[in-house]
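Residue numbering restarts at 1 for every chain, and letters A, B, ... go by the order of the sequence lines.
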Amino acid sequence: PGLFNSVIKGFAMEGRSDDAMKVFLEMQSQGVQPNVVTYNTLIDMLGKKDDLTEALRLYHDMKSMNIEPTVITFSTIINHLGKSNLVDQAYELWKEMMALGIRPNLILYNTLFKALGRSGHVDAASMIVKQMANDGVNPDAFTFSILISSLGKARKVRAAKALFERVKDKPGVVDVVTYTSLITAIGKSGKVYEAMRYFEEMKLRGHEPNVVSYSSIIDTLVKKGKIKEGYAYFQEMVQSGCDPNGITFNTLIHAFAKVGELKLTKSLLKDMEARGCGPD
RNA sequence: UUUGCCAUGAAUCUUU
């Protein structure tokens, strides 16, 4: 089924889910049995188009075909349930997985933290962090980015910072995304200068800010009325060869419009067109 | 050749 799976994946990546489903039927009519990878791929594809009903139907299908789900099956479904804010169902699946004796791996834990974090269940996530440690699964930069931004969205910025400070000297668990998560959390709490301090620390530690990092710090600054400072970061970003995207421009244009900076707004709109970032 | 095909993180606006 490997060949069919690759073809299905190809269609899935192009968003051609109906073609993918046709291949799925076609392989069966040729007597090739789909395997767990086939199902995982299709479930992920359906989840990406928010068709959770169909995704769950396939999950039940595979079980009735006696195809054993794997940890990937569960992280795929939990991921999409989380993104659809169906945390309770995500948590049910987590329990089902445990009941089946399937060991959660790093990605599964990260996915679950993300689902819990989105819905504000940061305390539940902290409990599971302990279980993860007991399981001998080591957190990575994804884990801390998820936990830190979840804490930030739950307005627990002190906890976010404490967590970050606790792990930032360990190798391999902090990267530009982890820093950006913290910078955003602090920025949204209104501590502009502290956000800037971490932004500078990030650069000093050799983590090159990317378009998301710059957009985040710019947003923090301009929302606090620090238009000049925000624009200075925009210039730094361009000079350092980091291309702004539609979100960067959107952030600046909103801010400029608010304070009536018509000239700068116009020049940004031009700049935007020149860069092929269509305004929306 | 413990082969190959599948899953996770950060930014703006909009919103219930």
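Counting non-hydrogen atoms under 4.0 angstrom, A/Thr220 reaches nothing in the nucleic acid. Nucleic acid contact class of A/Ala185 (heavy atoms, under 4.0 Å, all strands): none. Residue contacts for A/Lys83: at a heavy-atom cut-off of 4.0 Å it reaches the sugar-phosphate backbone alone, with no base atom in range. A/Thr76 comes within contact range of the sugar-phosphate backbone alone, with a heavy-atom separation under 4.0 Å but no base atom that close. Residue A/Asp140 is out of contact with every strand shown, counting any heavy-atom pair closer than 4.0 Å. Residue contacts for A/Thr41: at a heavy-atom cut-off of 4.0 Å it reaches the sugar-phosphate backbone alone, with no base atom in range. Using a 4.0 Å heavy-atom criterion, one finds that A/Asn105 contacts the bases of the nucleic acid, with or without backbone contacts as well.
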What nitrogen or oxygen pairs link the protein and nucleotides 13-16 of chain B at under 3.5 Å?
| from | atom 1 | to | atom 2 | distance (Å) |
| --- | --- | --- | --- | --- |
| B/C13 | OP1 | A/Lys223 | NZ | 2.7 |

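Side-chain proximity of A/Thr184 to B/A7, B/G9, B/A10: nearest is B/A10. Here B/A10 is the nucleotide among B/A10, B/C6, B/A7 with the atom lying nearest to any side-chain atom of A/Thr180. Considering only the side chain of A/Thr111, B/U8 comes nearest among B/U8, B/C5, B/A11.
The hydrophobic cluster containing A/Phe74 also contains A/Val37, counting ILVMFWY residues as joined when their side-chain heavy atoms lie under 4.5 angstrom apart, directly or transitively.
Atom pair A/Met13:CE and B/C6:P shows a separation of 8 Å (rounding to whole Å applied). Between the CD1 atom of A/Ile218 and the C1' atom of B/A11 there is a distance of 10 Å, rounded to whole Å. Residue A/Tyr231 contributes atom OH, which lies 21 Å from atom P of B/U12 at whole-angstrom precision. If you take CD1 of A/Ile8 and C1' of B/G4, they are 15 Å apart, rounded to a whole angstrom. The separation between A/Leu42 atom CG and B/A7 atom P is 12 Å, rounded to whole Å. Between A/His80 atom NE2 and B/C6 atom P the separation is 14 Å, expressed in whole Å. Spacing between atom CG of A/Leu81 and atom P of B/A7 amounts to 17 Å, rounded to whole angstrom units. Nucleotide B/U8 holds its C1' atom 11 Å from the CE atom of A/Met132, rounded to whole Å.
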*Any chance you could lay out the side chain to side chain donor-acceptor pair (under 3.5 Å) test for A/Asp219 and A/Ser216, step after step, and finish with the verdict?*
CA-CA 5 Å; A/Asp219 181 58; A/Ser216 174; over 6 Å; no
*Report the C-alpha distance between A/Lys83 and A/Asn79 in whole Å, list the side-chain angles of each, state the deciding distance to 0.1 Å, and finish with yes or no for side chain to side chain donor-acceptor pair (under 3.5 Å).*
CA-CA 6 Å; A/Lys83 291 200 155 99; A/Asn79 178 31; 3.0 Å; yes
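Counting heavy atoms from C-beta outward, A/Phe164 and A/Val174 have side chains that approach closer than 4.5 Å.
The two residues A/Glu68 and A/Val36 come nearest to each other via the heavy atoms O-CG2, 3.5 Å.
With sequence neighbours excluded, no residue forms a ring-ring contact (aromatic ring centres under 6.0 Å, His included) with A/His121.
Contact check, A/Lys9 against B/A7: a side-chain N or O comes under 4.0 Å of OP1 or OP2.
A distance of 6.0 Å or more separates the ring centres of A/Phe4 and A/Phe24. Close placement of the A/Tyr214 and A/Phe199 rings is indicated, their centers lying within 6.0 Å of each other.
With hydrogens and angles ignored, no donor-acceptor pair closer than 3.5 Å exists between the side chain of A/Asn5 and the base of B/G4.
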